[in-house]
Amino acid sequence: MPTLHSVTASAPGKTNLFFAVGPLLEDGFHDVASIYLALDLREEVSVGPASDWSVSVSGNISAEQIAAVPTSEENLVVKAAKRVAELAGTSSQPIAFAIEKHVPVAGGMGGGSADAAAALVAVNALWCTGVESKLSDTVDLGADVPFALAGGIAIGLGRGERLTQIESVPAIHLVLVTSDEGLSTPAVYKRLDEIRAARGANPRQVAAAVVPEALIQALQSGNQIAIAELLSNDLQEAALDLRPDLKQTIEDGIEAGALTGFVSGSGPTIAFLVADADSAEDLAQKLHIRGYRALAASGPAAGAFIREEN
């Protein structure tokens with residue numbers, strides 16, 4: 001197949017402004033209803049032909065988090081490349097991947113999915129396969145991969161892969177507090193099912209997950225107070241049960257001026273909603289002083305795109 005010498009693609013991390021978890025399904029997954037927000041924290045993946053598969057990782061996250069990223073063929077970027085070959089009906093050729101990470105690892109922010117999305121776009125361009133229209137059919141790589149490809153702000157249904165963009169949403173500003181001690185997404189879901197069962201609710205028979213129309217309207221109006229009142233995450237109780245220390249993080253952020261604080265996805269990252277960009281920088285500085293690793297971020301941000309090709 002014809003190839004370029006190298007391609008670099010970028011894809012966004014995300015947070016879930018709303019996350020409802022519906023019934024436990026026979027396949028072990030759950031139906032969910034989410035509002036994804038793509039953030040201006042982006043992963044970059046560079047690819048080039050090689051004699052063997054390889055993955056190198058760098059970035060501005062902690063050394064501990066970088067060390068936690070697999071560099072074997074188990075990394076999602078390698079699986080993404082092989083999926084591109086499958087979609088194109090051709091054999092895959094070894095690739096050298098260089099991942100530059102800016103999204104926390106195992107932080108509930110879709111960093112691995114962003115890597116996979118960037119790899120899909122980059123490898124498709126590298127190999128000149130022309131399967132762009134098929135790349136979103138890759139939810140088995142990760143439930144968040146289709147959204148990392150699309151970006152923006154969207155409702156996600158099913159496992160999160162059935163996306164409907166929410167149009168005309170003004171900028172949303174957040175402060176994110178990250179943690180080197182990750183949380184396993186399957187463990188958080190398992191704990192949620194246990195909590196529900198302990199309360200007498202059969203996890204297979206809970207109500208269907210839906211996104212409230214009021215929150216969509218608040219997002220489109222830019223009314224930050226209304227947004228703060230409507231944000232919700234069904235996984236939060238389970239995440240806080242597994243990591244009780246995160247409750248203090250939320251309390252500290254709200255005390256320091258956030259409109260509200262919530263667990264991002266399955267955690268352990270905590271996201272704080274603020275009124276504007278200046279408020280985000282101010283809150284991040286206050287939380288730094290308190291000893292937290294905090295960074296300002298905003299969205300909606302663009303989905304995966306090619307940044308450079310040679």
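Atoms considered below: every heavy atom in the structure, side chains included; atoms not considered: hydrogens, waters and symmetry mates. Small disclaimer: the values here were computed from a predicted structure and weren't measured. Numbering of residues begins at 1 and proceeds along the displayed sequence.
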Do the charged groups of [X] and [Y] touch, with an N to O distance under 4.0 Å?
| X | Y | answer |
| --- | --- | --- |
| R162 | D31 | no |
| R290 | E255 | yes |
| K14 | E43 | no |
| R83 | D140 | yes |
| E26 | R204 | yes |
| R42 | E100 | no |

So, [X] versus [Y]: side-chain donor-acceptor pair below 3.5 Å or not?
| X | Y | result |
| --- | --- | --- |
| D252 | T249 | no |
| H173 | D278 | no |
| S266 | T185 | yes |

Next on the checklist: Can you classify the ring geometry of F97 versus W53 as parallel (below 30°), tilted (30 to 60°) or perpendicular (above 60°)?
Outcome noted: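 Ring orientation of F97 relative to W53: parallel.
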Checklist entry - Does K190 NZ have over 12 foreign heavy atoms under 6.0 Å away? => result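 Open.
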[X] and [Y]: which non-hydrogen atoms are nearest, and at how many Å?
| X | Y | result |
| --- | --- | --- |
| V123 | A81 | CG2-CB, 3.9 Å |
| S91 | A85 | C-CB, 4.0 Å |
| V177 | A294 | CG2-CB, 4.0 Å |

State whether the side chain of [X] and the backbone N or O of [Y] hold a donor-acceptor pair below 3.5 Å, judged by distance alone.
| X | Y | result |
| --- | --- | --- |
| T138 | L141 | no |
| D115 | V77 | no |
| Q224 | D276 | no |
| D180 | E64 | no |
| N223 | A226 | yes |
| E132 | A125 | no |

Hphob cluster co-occupancy, [X] + [Y], side-chain heavy atoms under 4.5 angstrom:
| X | Y | value |
| --- | --- | --- |
| M109 | V105 | no |
| L174 | F272 | no |
| L135 | F305 | no |
| L24 | V32 | no |
| F29 | L235 | no |

Next on the checklist: I'd like to know whether V21 forms a side chain to side chain contact (heavy atoms under 4.5 Å, CB included) with L192, so could you lay out the CA-CA distance, the side-chain angles of the two residues, the decisive distance to 0.1 Å, and finally the verdict.
Outcome noted: CA-CA 9 Å; V21 179; L192 173 63; 3.8 Å; yes
Less than 4.5 Å apart, any side-chain heavy atom of [X] and any of [Y]?
| X | Y | answer |
| --- | --- | --- |
| L215 | L231 | yes |
| L219 | I35 | yes |
| T129 | L87 | no |
| V211 | I216 | yes |
| P300 | L37 | yes |
| W127 | S92 | yes |
| L157 | T164 | no |
| P170 | Q220 | no |

Next on the checklist: Before you tell me yes or no, could you show the steps for E74 and K79 under salt bridge (Lys or Arg N to Asp or Glu O under 4.0 Å), namely the whole-Å CA-CA distance, both residues' side-chain angles and the distance that decides it to 0.1 Å?
Outcome noted: CA-CA 7 Å; E74 290 303 305; K79 296 180 180 181; 3.6 Å; yes
Checklist entry - Stepwise, does the side chain to side chain donor-acceptor pair (under 3.5 Å) test hold for T269 with S264? => result CA-CA 6 Å; T269 299; S264 176; 5.6 Å; no
Next on the checklist: Walk me through whether T8 and I306 qualify under side chain to side chain contact (heavy atoms under 4.5 Å, CB included).
Outcome noted: CA-CA 6 Å; T8 298; I306 299 295; over 6 Å; no
Next on the checklist: Would L17 and F262 count as a side chain to side chain contact (heavy atoms under 4.5 Å, CB included) here? Give the steps.
Outcome noted: CA-CA 9 Å; L17 297 177; F262 56 96; 4.0 Å; yes
To the nearest 0.5 Å, tell me how far [X] [atom1] sits from [Y] [atom2].
| X | Y | atom1 | atom2 | answer |
| --- | --- | --- | --- | --- |
| L126 | Q93 | CG | CD | 8.5 Å |
| L240 | N233 | CG | CG | 9.0 Å |
| D241 | I195 | CG | CD1 | 4.5 Å |

Next on the checklist: With side chain to side chain donor-acceptor pair (under 3.5 Å) as the test, pick out the partner of E44 among R307, K101, H102.
Outcome noted: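 Going through R307, K101, H102 one by one, the side chain to side chain donor-acceptor pair (under 3.5 Å) with E44 is satisfied by R307 alone.
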Item to check | Step-by-step side chain to side chain donor-acceptor pair (under 3.5 Å) determination, Y36 to N16 | outcome: CA-CA 5 Å; Y36 287 108; N16 299 85; 5.0 Å; no
Checklist entry - Given the rule in the side chain to side chain contact (heavy atoms under 4.5 Å, CB included) test, do E161 and D144 qualify, once you have shown the distances and angles that lead to the verdict? => result CA-CA 7 Å; E161 82 283 6; D144 296 335; over 6 Å; no
